[in-house]
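Every value quoted in this text rests on a predicted model; they were computed, and no experiment measured them.
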Amino acid sequence: MILLIVAAGIWIKGEYAKVGGKSEEVRVGRAMLAQLEADRERVLDWARRIELPKPEAGVQQIAEWLLARATELEEKTAERDRLAREHRLLKNIPTSKVFRDLAVLNLEIAILTPFVEQGTTLLSALTAARGAEAQGSACEKQLAATSAEIAANRAERERVEREHPVLARLPGSRHYAQAFALDRRHDRSLKPAQAAADKCVVQQRATVESQRRRAAGISVALRADRVDSSFDNIRRKIDEGVASRERELDDSFFHKLKTDVERALRDAVPTALAILVAVIALPVLIRALLYFVFAPLAARLAPIRIVAAADGRLGAQPELAAPEASRRSVSGVSLEVVLEPGSVLHVHPDFIQSSAVAARKRTRWLLDARYPFTSLASGLYALTTVEAQGGEPIVISSTKDPLAEVALLNIDAGSAVVLQPRSLAGVIESGAAPMHVTSHWRLGSLHAWLTLQFRYLVFHGPCSLIVKGCRGIRIEPARASRSVNQAATLGFSANLEYSNTRCDTFLAYWRGDQDLFNDRFSGPGYYIYEEAPAANRRTGMTGRGLEGIVDGVLKAFGV
């Protein structure tokens, strides 16, 4: 199964990658089509600036122009060869950018090549004409020198004949030999040399004229239709490539799925952003409205009194007879309980640390049979009942929660305490006066609706309650008015005036560090709270009323 899942994942990943690659090719191809017109104008503008120099520009200027064009041609050819070498696959894919770049480079090379070729021909013709001119000048100089020698030879021959008219014609004479030598030099040397020089002059002049006519006839005409035709071919191949990829994508299930998902996400983004802004902003506005408007109004409402006729006195172990500064914390990690004759202890099994072996023990299924739901929901079922035996102490301590502490609260006759059963670890009652619990509903009180607690359970004396709390339990007199965090409240004297007051700061409420309301107590009595509310009872940023359906129901019933 694992191999099938891995193989399927690899296949799906590969298909998705193929779809992404083809989609990218289509995107690039369409972008290339949009860029083709700009490329065409750029190539035409570049080609129009390549103008073949006129022959009158001179060999030097033409040579410099030709060197620049040849260098440009060499660079473009090298770039084309590099792209073709490095992208052997992409160069044949019309939808790739490499294909377009190579096509444009080939067109530029095709445009530039005739300019370089004709420039080379022009430079060659002008160079040949210049060489022929130089050679003709040399021949003309040679012809002039030979003609001068012929004239000097003829003058010397005429002088000999004029001075010695008879001897110059008499064979065997010295003057005849001199005249004969001059005639021979004229016929055999000077005359042929003159003819050769004259021929050279004529030939070089003809060569110069021919090369100049050749240079004048060299030109390169830029054909815009060739550029247009080339770009039409590029456009057609790209269109074919894009159409081919689009057909492949249309036949792909993954592409259809991806397109549908992207369209759905694109359509949902504005709504999602609006919801996100509302989710972020609306709670802040609601909390601000609750804190600055409704909470001050709620604090002015009339308080609740559960049992107005009850006595507000409360006893503890050790007794509340110690100085006030030292009697606020009444709990400890463990508690020793010595039962009086006729008294019984009902305690949760997790809180029996040690007891006398001889003590009689039995199971009590519910703390109070009249409130089975409350007993079950608060964990006060299957309790261990221990009867008094010879004054032996029973050590009460949590065996599972290292932060829990326990305290013994003595409720005298006539006194009553409102207490949440979740905070009870056990109860001590006398056989002569069993524990008495009453239930009080306050559906008509706005304070009850604000805290979502509609029922209050009251424990009447005489009895003793073993109360558990996280990191300690404190008891404080209410006096004129005191407030405490709702999450920490365990109970209070039933005769106290109980109401809600706004928490200390808005930032602490907005961050969820505190509830919107604190419990406020006033009157002659005491309120009980744990020093650190357990983490599983922290209310978070939304307030205690939204801890969850189960917690909300338990809280509504005062559990």
Side-chain angles (χ1 to χ4, degrees), residues 310-340 343 345-348 350-354 367 378 380 393-399 401-430 435 437 457-479 482-496 498 518-534 537:
D311 192 341
R313 292 178 302 165
L314 188 64
Q317 180 68 31
E319 297 294 340
L320 294 180
E324 184 176 330
S326 63
R327 63 179 169 83
R328 297 291 177 86
S329 180
V330 296
S331 63
V333 175
S334 62
L335 173 69
E336 289 188 3
V337 176
V338 178
L339 299 178
E340 297 179 357
S343 297
L345 168 65
H346 310 295
V347 65
H348 196 286
D350 291 343
F351 282 82
I352 298 180
Q353 187 75 33
S354 67
L367 176 65
S378 60
L380 296 176
I394 302 171
V395 179
I396 306 298
S397 179
S398 175
T399 59
D401 187 354
L403 297 178
E405 294 190 9
V406 291
L408 182 63
L409 301 181
N410 296 320
I411 305 176
D412 298 332
S415 295
V417 173
V418 177
L419 196 70
Q420 297 177 354
R422 68 173 174 83
S423 63
L424 278 178
V427 175
I428 300 175
E429 60 180 359
S430 172
M435 175 188 65
V437 181
L457 295 176
V458 179
F459 292 80
H460 298 267
C463 67
S464 296
L465 306 178
I466 299 176
V467 183
K468 62 182 179 179
C470 182
R471 215 180 65 184
I473 300 170
R474 297 178 71 87
I475 299 177
E476 294 183 0
R479 295 176 179 169
R482 298 282 292 177
S483 67
V484 66
N485 189 341
Q486 279 189 356
T489 301
L490 300 179
F492 54 92
S493 297
N495 65 310
L496 290 179
Y498 167 64
N518 287 337
D519 289 336
R520 181 170 64 184
F521 306 98
S522 59
Y526 297 85
Y527 61 95
I528 309 156
Y529 64 94
E530 57 185 341
E531 297 200 15
R537 291 198 298 273

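- Note that the OG atom of Ser331 and the CD1 atom of Ile528 stand 11.5 Å from one another [nearest 0.5 Å].
- Between Leu409 and Ile473, the closest side-chain pair of non-hydrogen atoms is not below 4.5 Å.
- Taking 4.5 Å as the limit, every side-chain heavy atom of Val347 sits out of range of all side-chain heavy atoms of Ile394.
- Pairing each heavy atom of Asn518 with each of Asn485, the nearest pair is OD1-CA, 3.6 Å.
- Note that CD1 of Ile352 is 12.5 Å distant from OG of Ser398, once rounded to the nearest 0.5 Å.
- Remark: the backbone N or O of Val333 is paired with a side-chain donor or acceptor of Ser397 at under 3.5 angstrom.
- A distance-only check finds a donor-acceptor pair linking the side chain of Glu429 to the backbone of Met435 [under 3.5 Å].
- Heavy atoms only, all atoms of each residue included: Leu380 and Leu424 are closest at CD2-O, 3.6 Å.
- Minimum heavy-atom separation, Ser423 to Leu490: CB-CD2, 3.7 Å.
- Side chain of Gln353 to main chain of Val395: no donor-acceptor pair is present (N/O by atom type, distance under 3.5 Å, no hydrogens or angles).
- Across every non-hydrogen atom of Glu530 and Cys470, the tightest pair is OE1-N, 2.8 Å.
- Here CZ of Phe492 is found 9.0 Å from CD of Gln420. Values are rounded to the nearest 0.5 Å.
- Between Ala310 and Asn495, the shortest heavy-atom contact is O-CB, 3.3 Å.
- Using a 4.5 Å cut-off on side-chain heavy atoms (C-beta onward), Ile428 and Val337 make contact.
- Tyr526 and Leu496 make their closest contact through O-CD1, 3.3 Å (heavy atoms, listed as atom of the first residue, atom of the second, distance).
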task: Begin from the C-alpha positions of Asp350 and Thr399 and carry the test side-chain hydrogen bond (donor to acceptor under 3.5 Å, both in side chains) through to its verdict.
output: CA-CA 6 Å; Asp350 291 343; Thr399 59; 4.6 Å; no
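- In this structure the side chain of Leu367 reaches within 4.5 angstrom of the side chain of Val427, judged on heavy atoms.
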Residue pair Ile466, Phe351: steps toward the side chain to side chain contact (heavy atoms under 4.5 Å, CB included) verdict: CA-CA 10 Å; Ile466 299 176; Phe351 282 82; over 6 Å; no
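- Of the options Tyr498, Tyr529, Tyr527, a side-chain hydrogen bond (donor to acceptor under 3.5 Å, both in side chains) to Asp519 is made by Tyr498 and by none of the others.
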